[in-house]
Asker: 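Below you'll find the structure I mean.
Order of appearance sets the numbers: ligands from 1, and atoms from 1 within every ligand.
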Amino acid sequence: MTAFRLEARCGSARAGVVTTPHGDFRTPAFMPVGTQAAVKTLHPAEVRACGVEVVLCNAYHLALRPGVAVVERGGGLHRFMGWDGPILTDSGGYQLVSLGAVTQVDDEAAIFVSPYDGSRMRVTPEDAVGIQARLGADVLMCLDHPVAWGAGSDAVTDAAERTHSWAERCRAVHPGGGRLLFGIVQGGFDATLRRESARAIGALGFDGVAIGGLSLGEPVEVMLEMTAASVSEIPGDVPRYFMGLGTDAEMLAAIALGVDMFDCVVPTRLARNGTALTTQGSLNLRNATYREDVRPIDEHCGCAACERFSRAYLRHLFAAGEILAHRLVTIHNVTHLSRLMAAARTAIVTGSFQKENASVRGQAAPAPG
Ligand SMILES: [Zn+2]
């Protein structure tokens, strides 16, 4: 049985449902990031109330701290963090770019150096799958080797070939049991390499395919060209996941190309810095402009922050250093992205989806749930 049910298509944009051992989630889907097994500042019930159906955790960080054995003794990741819905775990591949200086890669394994205590952790592709399976993830990611924007063509080709060989090794230790294992496309910023990578990964029969190694500082036109090249060779019967994208316009453009899933740390990080995402663009709530502004963050949003609190109150909380400010704006930003995905889904189902999206942005989104 396939884990992805395609329900509607509008142009190349798709609406579907992904089935996991901890329930279904609808696509297009935005996954908030719980790097350390928590969506920062939020209780899991609040995450759910924001309209979230699936969250992302980081297996690399959790393997370092608190350690896989602690999570296992805590009853697995769902029980440990109090989230009973689907969980996708990132393998740690992305940290090979983000922590570049403290990692080493050879064909056999990646070696990470802990940012906490400097200890070295050697992770083979088989280990990466095994760690995610022990954590109890519903959707597991292969170990991949992304390269930074600006890397030379030899480095890009080597990393893509290594990613393919690691994908085969990950596929061989698929944990089964209804869990999903996703392959990851690499190929840097070369459309030919992207298509080759997508063809190689697509041929391995994964439950889903991710597009990795983008949104690393390249121009947005390059990012979308690489996305289109990747999507063109990913089989149509599996979910497609763009790793690390979380702005409205870019996600809508990727949905228009046929992408189904997203994650990003930025919306929750921005929230803690006082930046709220709205249908009219972003607001910096620390700004003095909002000192006496009694409107909610976004009049179109019915989240727990917007239904009760004003911009003036939130600005006051940031000025006073109150933690509630971080929580309320996080709730708002996550709700905003859930509504955006729900509105895109409705537009796809009704045949009116357009990436330019005035219609998607302006329309009243269905209630989360
Ligand atoms: Zn809101």
Side-chain angles (χ1 to χ4, degrees), residues 25-34 38-56 83 85 245-252 255 261-347 357-369:
F25 63 89
R26 294 173 292 183
T27 64
F30 174 76
M31 299 180 281
V33 175
V39 177
K40 285 191 197 305
T41 77
L42 300 189
H43 186 286
E46 293 172 317
V47 175
R48 179 73 72 188
C50 291
V52 170
E53 298 181 352
V54 50
V55 301
L56 179 146
W83 171 262
L245 192 67
T247 66
D248 292 23
E250 291 173 359
M251 285 196 291
L252 292 169
I255 290 170
M261 299 166 58
F262 304 93
D263 77 283
C264 195
V265 296
V266 171
T268 42
R269 185 180 292 158
L270 283 175
R272 299 192 301 279
N273 290 326
T275 301
L277 311 173
T278 81
T279 48
Q280 313 298 318
S282 59
L283 308 179
N284 181 351
L285 291 164
R286 293 175 179 273
N287 199 307
T289 314
Y290 302 114
R291 207 164 81 93
E292 298 181 17
D293 190 336
V294 296
R295 292 174 293 172
I297 297 171
D298 186 340
E299 277 149 356
H300 298 290
C301 179
C303 81
C306 292
E307 80 178 352
R308 185 175 293 247
F309 303 105
S310 65
R311 296 173 182 182
Y313 178 63
L314 290 162
R315 182 192 178 266
H316 156 69
L317 292 184
F318 276 109
E322 288 291 338
I323 291 165
L324 182 60
H326 297 206
R327 289 177 27 69
L328 290 173
V329 183
T330 300
I331 286 170
H332 169 79
N333 281 0
V334 175
T335 302
H336 170 80
L337 293 172
S338 297
R339 288 171 61 239
L340 184 75
M341 294 297 109
R345 180 183 168 80
T346 300
N357 234 320
S359 60
V360 166
R361 284 178 164 223
Q363 81 182 68

Asker: Using a 3.5 Å distance criterion without hydrogens, assess whether the side chain of Arg327 forms a donor-acceptor pair with backbone atoms of Leu42.
Answerer: no
Asker: Mind reading off the angle at the Zn ion (ligand 1) between the SG atom of Cys303 and the SG atom of Cys306, rounded to 10°?
Answerer: 110°
Asker: So that I can check it, does any N, O or S atom in Cys301 come closer than 2.8 Å to the Zn ion (ligand 1)?
Answerer: yes
Asker: Please check: side-chain N/O of Arg286 versus main-chain N/O of Asn273, any donor-acceptor pairing under 3.5 Å?
Answerer: yes
Asker: Check all N, O or S atoms of His332 and name the one closest to the Zn ion (ligand 1).
Answerer: ND1
Asker: Parallel under 30°, tilted from 30 to 60°, perpendicular over 60°: which one fits the rings of His316 and Tyr313?
Answerer: tilted
Asker: Under a 3.5 Å distance rule, please check whether His326 uses its side chain to pair with a backbone N or O of Ala271 as donor and acceptor.
Answerer: no
